[in-house]
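All chains are named by letter (A, B, ...) in the order of the sequence lines, taking the proteins before the strands, and each is independently numbered beginning at 1.
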Amino acid sequence: MTDIIQKINKQIIDTVEQAVRKAIENKILPEVGIPSVSVEKPREKSHGDFSCNVAMILAKKAHMAPRKIAAVILENIPTDSGYIEKVEIAGPGFINFFVNDKWLYETVEMIHTLGSDYGKLDYGKGKKVMVEYVSANPTGPLHMGNARGGALGDLIANVLIKAGYDVTKEFYVNDTGNQIEKFALSLELRYLQQINGEDSVEFPEDCYQGIDIINHAKNYIAANLEDLAEKDSAYRKRVMVEYALPINIENIRKGLKRYGIEFDNWFSELSLHKSGELDETIELIKQNGNAIEKDGALWLIGKAMDSEKDEVLVKSDGSKTYFAADLAYHRNKFLKRKFDRVINLLGTDHHAHALRMKNAMPAIGISKDKLDLVLFQLVRLMRNGETIRMSKRTGKAVSLDDLLDEIGVDAARFFFNMKASGSHLDFDLDLAVRQSNENPVFYVQYAHARICSMLRILKQEGIDVDAVDYSSLDMLVEEEEKELMRKLAAYPQEILISSRTLEPGRLTRYVMEVAGAFHSFYNACRVKGVETGLMNARIALVQATVSVIRNVLDVLSIDAPEKM
RNA sequence: GUGCCUGUAGCUCAGCUGGAUAGAGCAACGGACUUCUAAUCCGUAGGCCGAAGGUUCGAAUCCUUUCAGGCAUACCA
């Protein structure tokens with residue numbers, strides 16, 4: 001058991017359940033059965049360390065006043081066991097538990113013993129889970145939406161690793177389909193413009209307007225590769241795509257690496273076409289009777305995915321839809337590669353598609369609830385209070401690299417994970433730099449650097465700060481010290497809740513609270529210059545703090561600087 | 001039109017499997033550096049939790065209605 005809070009929780013629940021059972025046996029309470037007891041941490045400190053509302057839940061069934069029930073339960077609770085020090089009844093019928101400080105000192109010791117494994121859980125039980133995120137279109141550079149999805153997806157993956165899952169991080173490369181056709185046309189036209197002059201061909205509005213396409217054309221020519229001017233269009237397009245696509249993918253890979261994200265696997269959409277898995281999947285759907293021919297196209301019937309509307313799998317021109325490929329992709333994930341669970345991160349603009357995809361899982365023999373969708377709102381980019389459209393088409397998109405140049409990797413990753421994924425997010429570029437100075441990531445990093453500096457100085461004075469001495473931990477009695485220990489103890493719970501809800505943004509808030517508790521401690525308590533026992537105890541506490549901060553920042557893939 | 005998301009302090013947001021007096025950061029105001037990093041700390045002020053009904057011991061949280069904003073509703077991906 002690496003989570004002391006959970007241990008105490010369990011102890012209280014067991015104790016309360018026993019008390020209720022005993023009261024029923026002794027006929028003090030009527031036959032109400034044992035309700036599911038829950039324990040929570042009260043907001044208000046005077047309400048104890050843990051609180052239980054079982055008396056209020058029982059009130060109706062037992063036809064008794066909640067406070068009276070609480071009194072009965074209280075009589076049957078032994079007060080001299082384990083961590084529980086005092087129990088009292090409060091408010092409408094809460095049973096409040098006060099625990100002794102032993103658990104806080106145990107926490108400090110445990111953090112040091114476990115080191116970077118503190119917070120690691122067996123919640124996931126080693127189940128194979130894939131997190132698929134970013135999966136940006138390889139037709140252009142990464143943009144702000146990818147920045148948010150990337151920060152969120154990477155954090156979810158890291159949290160799940162911490163929670164005990166066997167995690168694979170995957171990027172789905174959409175290297176075929178209409179957008180690649182458009183990419184090809186855009187490249188071809190820019191190439192011809194380079195050769196024959198700007199006005200030689202018209203560049204349509206729905207082609208990719210970005211400067212990167214022009215650069216591809218220029219670079220291709222500069223590299224003295226095959227002259228394509230006289231070749232036929234199809235050939236020209238193919239060669240240009242074969243030239244530019246790998247460059248784009250490589251740039252995406254590099255950009256993400258700079259952002260702290262490295263995928264375990266890059267999965268090609270085209271490979272599904274080539275391997276025959278796509279045809280196989282469509283064939284399977286047909287055999288199951290879930291497909292019909294209509295208007296010269298092949299449709300997945302709506303009934304098979306809990307929908308009013310049918311969905312096209314094979315278009316009337318014989319080509320397969322993205323939807324069909326996505327089905328094949330998920331069949332690959334679950335059946336070929338045997339993932340127990342798959343988590344897809346998507347911008348809300350893909351919400352409808354993703355939901356239909358999830359609902360269509362049974363049509364290819366997969367249980368719906370194995371697929372989790374995490375949707376995040378797109379980032380709305382502002383400049384001078386005006387919205388900038390983020391499409392690649394306009395070419396005005398702000399790239400991930402631009403963002404990182406302006407505010408830095410740490411600030412960006414922290415910032416995007418401070419808000420719940422469902423929240424709308426306006427990002428004002430003019431405020432970007434100022435925001436980064438105000439970004440709480442520096443508050444956290446400062447706490448880390450401050451501790452490192454402290455330890456350095458103590459070391460210089462000949463104190464062995466690494467030989468942590470726990471013998472006097474019970475000298476930590478100041479409220480600031482206890483508050484800090486309480487925060488440190490909460491880490492495993494934070495990991496547990498984050499992995500359960502797939503909303504890991506709370507970790508940024510958590511680490512801010514740890515940093516805040518440390519800063520308060522720092523201002524209230526001195527380490528250097530106090531008597532040896534107390535100093536050793538405080539060194540142990542500070543060591544535990546720096547360990548936890550580094551631990552969380554590591555999960556967030558944010559640097560923990562030793563100096564600032 | 002329909003579906004999903006969002007609406008909480010001046011600003012950015014937590015809290016939403018119902019719990020006790022609704023929280024934090026920024027901004028504002030007042031304090032704290034001869035002593036381990038003041039990128040810090042301590043304090044003050046700031047709220048009809050979009051609106052209206054309902055459910056119950058209890059609602060920011062659940063239900064209904066409504067208003068405002070975002071996204072989606074392709075033989076695009």
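Salt-bridge check for E170(A) with K333(A): failed, with every basic side-chain N at 4.0 Å or more from each acidic carboxylate O. In summary, D464(A) and K459(A) do not engage in a salt bridge, as defined by a charged side-chain N under 4.0 Å from a carboxylate O.
Taking the P atom of each, rA52(B) and rC29(B) are spaced 35 Å apart, rounded to whole Å. Between rC11(B) and rC49(B), the distance separating the two P atoms is 15 Å to the nearest Å. Rounded to the nearest Å, the gap between the P atom of rA68(B) and that of rA74(B) is 25 Å. Distance check on atom C1': rU61(B) versus rG23(B) gives 15 Å, rounded to whole Å. Here the separation of rC41(B) from rG50(B), taken at their C1' atoms, is 37 Å to the nearest Å. Comparing the same atom, C1', in rU12(B) and in rU6(B) gives a spacing of 15 Å after rounding to whole Å.
A325(A) comes within contact range of no nucleotide atom at all, as no heavy-atom separation falls under 4.0 Å. D295(A) comes within contact range of at least one nucleobase, with a heavy-atom separation under 4.0 Å. Using a 4.0 Å heavy-atom cutoff across all strands shown, D349(A) reaches sugar-phosphate atoms only and no base atom. Among the atoms of the strands shown, base atoms are found under 4.0 Å from some heavy atom of S316(A). Here K563(A) lies in heavy-atom contact (under 4.0 Å) with a base. D175(A) comes within contact range of no nucleotide atom at all, as no heavy-atom separation falls under 4.0 Å. Nucleic acid contact for R43(A): sugar-phosphate only, since backbone atoms but no base atoms lie under 4.0 Å from a heavy atom of the residue. When heavy atoms are screened at a 4.0 angstrom cut-off, T348(A) is found touching the sugar-phosphate backbone but no base atom. Contacts of S51(A) with the nucleic acid, taken as non-hydrogen atoms under 4.0 Å apart, include base atoms. Counting any heavy atom pair closer than 4.0 Å across all strands shown, A420(A) reaches sugar-phosphate atoms only and no base atom. Contacts of A297(A) with the nucleic acid, taken as non-hydrogen atoms under 4.0 Å apart, include base atoms. F323(A) comes within 4.0 angstrom of nothing in the nucleic acid, heavy atoms only.
Within the structure, no pair that satisfies the ring pair (Phe, Tyr, Trp, His ring centres under 6.0 Å) test touches residues 35-72 of chain A, not counting sequence neighbours. Residue pairs that meet the side-chain hydrogen bond (donor to acceptor under 3.5 Å, both in side chains) test with at least one member in residues 532-541 of chain A, sequence neighbours left out, are D469(A)-N536(A), E481(A)-R538(A).
A donor-acceptor distance shorter than 3.5 angstrom exists from the side chain of W299(A) to the backbone of K294(A), with no hydrogens or angles considered. Using modelled atom types, one side-chain atom of T508(A) and one backbone atom of N417(A) make a donor-acceptor pair closer than 3.5 Å.
Only R509(A), H519(A), listed by number, bring a heavy atom of residues 508-519 of chain A to less than 4.0 angstrom from any atom of RNA chain B. Contacts between residues 525-534 of chain A and RNA chain B, counted as heavy-atom distances below 4.0 Å, involve C525(A), R526(A), V527(A), K528(A).
Chain A approaches RNA chain B within less than 4.0 angstrom (heavy atoms of the protein), and the contacting nucleotides run 5' to 3' from rC4(B) to rA77(B).
In terms of the ring-ring contact (aromatic ring centres under 6.0 Å, His included) criterion, F416(A) has no residue partners (sequence neighbours excluded). When the ring-ring contact (aromatic ring centres under 6.0 Å, His included) test is applied to H424(A), no partner is found at least two apart in sequence or on another chain. With sequence neighbours excluded, the residues forming a salt bridge (charged side-chain N to carboxylate O under 4.0 Å, His left out) with K487(A) are E483(A), E513(A), listed by chain and number. With sequence neighbours excluded, the residues forming a side-chain hydrogen bond (donor to acceptor under 3.5 Å, both in side chains) with S423(A) are R148(A), listed by chain and number.
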Let me check something: any side-chain donor-acceptor pairs from residues 345-357 of chain A under 3.5 Å, sequence neighbours excluded? List them with distances.
residue, atom, partner, partner atom, Å
H353(A), NE2, D326(A), OD2, 2.9
R356(A), NE, E311(A), OE1, 2.8

Side-chain donor-acceptor contacts of residues 447-457 of chain A below 3.5 Å, not counting sequence neighbours, with atom names and distances?
residue, atom, partner, partner atom, Å
H448(A), ND1, P561(A), O, 2.8
H448(A), NE2, R550(A), NE, 3.3
R450(A), NH1, H519(A), ND1, 3.0
R456(A), NH1, E562(A), O, 3.4

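Comparing N178(A) and M454(A) by the nucleotide of RNA chain B whose heavy atom lies nearest to each, the residue mapping closer to the 5' end is M454(A). The 5' end of RNA chain B is approached more closely, in terms of each residue's nearest nucleotide, by L355(A) than by the other of M418(A) and L355(A).
For the 3.5 Å distance criterion, the side chains of Q445(A) and D559(A) fail to qualify, holding no donor opposite an acceptor.
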- Message: If a pair means Watson-Crick or G-U wobble with both distances below 3.5 Å, what does RNA chain B look like in dot-bracket form, with | marking bases paired to a different strand?
- Response: (((((((..((((.....[...)))).(((((.......))))).....(((((..]....))))))))))))....
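Ring planes of Y522(A) and F518(A): tilted class, angle from 30 to 60°.
Nucleotide rC33(B) carries a syn base; the chi torsion (O4'-C1'-N9-C4 or O4'-C1'-N1-C2) is within 90° of 0.
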- Item | Check against side-chain hydrogen bond (donor to acceptor under 3.5 Å, both in side chains), N9(A) and K41(A) | CA-CA 10 Å; N9(A) 254 313; K41(A) 181 177 179 262; over 6 Å; no
